[in-house]
Amino acid sequence: MSKVISAASRRSPRKTPMALTEALVARTLRAVEDAGPTPGMVYMTDADYARIRDEVLAGAPGGPVKLFAYGSLLWKPAGEVRGGERAVATGWHRSFCFTVQRFRGTIEQPGLMMALDRGGQCQGMVFEIAEPVGANLETLLRREMTILPAVNVPRWLQVRTGDGTGQALGFVVDPANPRYAGKLEKRAIAATLATAVGHWGSGAEYLFETIRHLDACGIRDRNLWQLQETCGRGDRSGAAIGLHSSLSQTSISPGSRLSQAKYGTAVIFASSTAGGSVR
C-alpha cells in the first residue's frame, strides 16, 4: 500500500501544541471486546456490496477513479490507493454526525463518527484508487458501510485541486437515517468522544489522529481544533481536564438531535495531581 500522507514531508510542525495530547488520549483507551453484530440490525451481504460497487463504478467519470479522504481514510486507508493531493470538496463539511454502537462505541455507550454533511466546504486529500479498482473499491465499501440502511453512503463529489476541478468519491451522511445525530453542540460532541470507546479505540483517539494527519497535509480544520481544545482543556483551568457529565446525560443516543442532547459539566480528564481516572 502506498504512503497516503505524501504532503507530510512538506509540512512544518504546528507551533501551537494540541490540548488533546497523546497522554490524554491514552487514558481514554481500554480493552473492549467486540460484541459482534448489533442485535436488530440488518447487515450488508456480499450481494449488497457487489451491487453498490457496480453502481458507483457505473457513475464514475472517465479516467482514474479518485477518492476524497477527509477523516480516518487519511491514516487508515482501506484497499490500495496511490498519489495524494490536497483538495476541497464544495457543498460539504466534515462533521461528527452519526452514532455507532460498535467499533468506537458500544450499545451501552454509543460513540460518534464523522461523515460529510451538507453545507460549506471541506479540505481533504484526493487519492487514486489503484488497480484492480473493483476489488479495492469493494474493500473500501466494506470498511465504510456495514448496516442497511446505510448512514454513510458513497457519492461523487465536486472537488477542486491545484490542477482544477473534477469528481472524486466521498462518503456523505444520509440525514434520513435514524443514526443521523444532526447538528450537535461542540460540548456534547466532545463529551461523547472523550468517553465512548469500542474495540477499534476511543472517539478521542479518532479525533486526535484525524487532526494530526490533516496537519501533516497542511490542513487545519477550525471545528476539529476547537473540539480537541474542549476535550483536552475544557474549562481552561490549567489542569488537564475537559467537559463531561454522567453517562446518562452525555452519551448520544441513536437518532438524537441538538434539541434532544442533554449534558452538564464535569471533568473528563482528571488531572494527575487530583488522582482521577477516566471512566
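- Taking hydrophobic clusters as Ile, Leu, Val, Met, Phe, Trp and Tyr residues chained together by side-chain heavy-atom distances below 4.5 Å, Leu116 shares a cluster with Met145.
- Nearest heavy atoms, Ala204 versus Ala194: CB-CA, 4.4 Å.
- A heavy-atom distance below 4.5 Å is not found between the side chains of Val197 and Thr28.
- Remark: Phe171 engages no residue in a ring pair (Phe, Tyr, Trp, His ring centres under 6.0 Å) (not counting sequence neighbours).
- Heavy atoms of other residues, nucleotides or ligands lying less than 6.0 angstrom from CD of Gln226 number more than 12.
- In terms of the side chain to side chain donor-acceptor pair (under 3.5 Å) criterion, Glu131 has no residue partners (sequence neighbours excluded).
- Listed by chain and number, the residues in a side chain to side chain contact (heavy atoms under 4.5 Å, CB included) with Thr106 are Val32, Glu108, Gln109 (sequence neighbours excluded).
- Among residues two or more places apart in sequence or in another chain, the side chain to side chain contact (heavy atoms under 4.5 Å, CB included) test is passed with Val42 by Leu148.
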What's the verdict on side-chain contact (heavy atoms from CB on, under 4.5 Å) for Gln121 and Trp92, showing C-alpha distance, side-chain angles and the deciding distance? CA-CA 5 Å; Gln121 63 179 22; Trp92 303 90; over 6 Å; no

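- In the hydrophobic clustering of ILVMFWY residues, with side-chain heavy atoms under 4.5 Å counting as a link, Trp156 and Leu57 come out together.
- In plain terms, the two heavy atoms of Val126 and Ala87 that are nearest each other are CG2-CB, 3.4 Å.
- Checked against side chain to side chain donor-acceptor pair (under 3.5 Å), Glu138 has the following partners two or more places apart in sequence or in another chain: Arg53, Arg142.
- Here Asn136 pairs with nothing under the side chain to side chain donor-acceptor pair (under 3.5 Å) rule; sequence neighbours left out.
- In this structure Ser72 satisfies the side chain to side chain donor-acceptor pair (under 3.5 Å) test together with Arg143, sequence neighbours excluded.
- Expressed to the nearest 0.5 Å, how far CG of Leu67 lies from CD of Glu128 amounts to 11.0 Å.
- Within the 3.5 Å criterion, the main-chain N or O of Val173 finds a donor-acceptor partner in the side chain of Arg118.
- Leu141 has its side chain out of reach of Met44: every pair of non-hydrogen atoms, C-beta onward, lies at least 4.5 Å apart.
- For the pair Leu137 and Leu169, the minimum side-chain heavy-atom distance is below 4.5 Å.
- Ring planes of Tyr206 and Phe96: perpendicular class, angle over 60° (limits at 30 and 60°).
- For the atom pair Ile52 CD1 and Glu144 CD, the distance stands at 12.5 Å (nearest 0.5 Å).
- Partners of Tyr49 under the ring pair (Phe, Tyr, Trp, His ring centres under 6.0 Å) rule, at least two apart in sequence or in another chain, do not exist in this structure.
- When hydrophobic side chains of Ile, Leu, Val, Met, Phe, Trp and Tyr are connected at separations under 4.5 Å, Phe103 ends up clustered with Trp200.
- Atom CG of residue Leu214 and atom CD of residue Glu209 lie 11.0 Å apart, to the nearest 0.5 angstrom.
- The minimum heavy-atom distance between Ala181 and Leu112, with the atom names listed, is CB-CD2, 4.2 Å.
- Under the 4.5 Å side-chain contact rule for hydrophobic residues, Val88 and Ile219 do not share a cluster.
- Closest approach of Gly71 and Thr210 over heavy atoms only: CA-CG2, 4.0 Å.
- In terms of the side chain to side chain contact (heavy atoms under 4.5 Å, CB included) criterion, residue partners of Ser95 (sequence neighbours excluded) are, by chain and number, His93, Cys97, Asp117.
- A side-chain contact (heavy atoms from CB on, under 4.5 Å) with Gln228 is found for exactly one of Ile211, Asp221, Val25, Leu24, namely Ile211.
- Looking at Arg179, its side chain does come within 3.5 Å of a backbone N or O of Thr99 through a donor-acceptor pair.
- Not one N or O on the side chain of Arg102 forms a donor-acceptor pair closer than 3.5 Å with the backbone of His199.
- The nearest pair of heavy atoms linking Cys217 to Arg86 is O-CD, 3.1 Å.
- Residue pairs that meet the side chain to side chain donor-acceptor pair (under 3.5 Å) test with at least one member in residues 54-70, sequence neighbours left out, do not exist here.
- Separation of atoms CD1 (Ile189) and NZ (Lys186) is listed at 7.0 Å; rounding is to 0.5 Å.
- We find that Asp48 and Arg51 are joined by a salt bridge, their nearest charged nitrogen and carboxylate oxygen being less than 4.0 Å apart.
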What's the verdict on side-chain contact (heavy atoms from CB on, under 4.5 Å) for Val172 and Leu157, showing C-alpha distance, side-chain angles and the deciding distance? CA-CA 9 Å; Val172 307; Leu157 309 173; 3.9 Å; yes

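- Residues Ile147 and Tyr43 have side chains in contact (heavy-atom distance under 4.5 Å, counting atoms from C-beta outward).
- Closest approach of Asp174 to Tyr180, counting heavy atoms only: O-CB, 3.8 Å.
- Rounding to the nearest 0.5 angstrom, the gap separating the CZ atom in Arg104 from the CD atom in Glu205 is 5.0 Å.
- Looking only at side-chain heavy atoms (C-beta outward), Val56 and Val65 stay at 4.5 Å or farther from each other.
- Here the CD-OG1 distance, from Gln167 to Thr165, works out to 9.5 Å after rounding to the nearest 0.5 Å.
- Ala69 pairs by the side chain to side chain contact (heavy atoms under 4.5 Å, CB included) definition with Leu73, Leu74, Phe127, not counting sequence neighbours.
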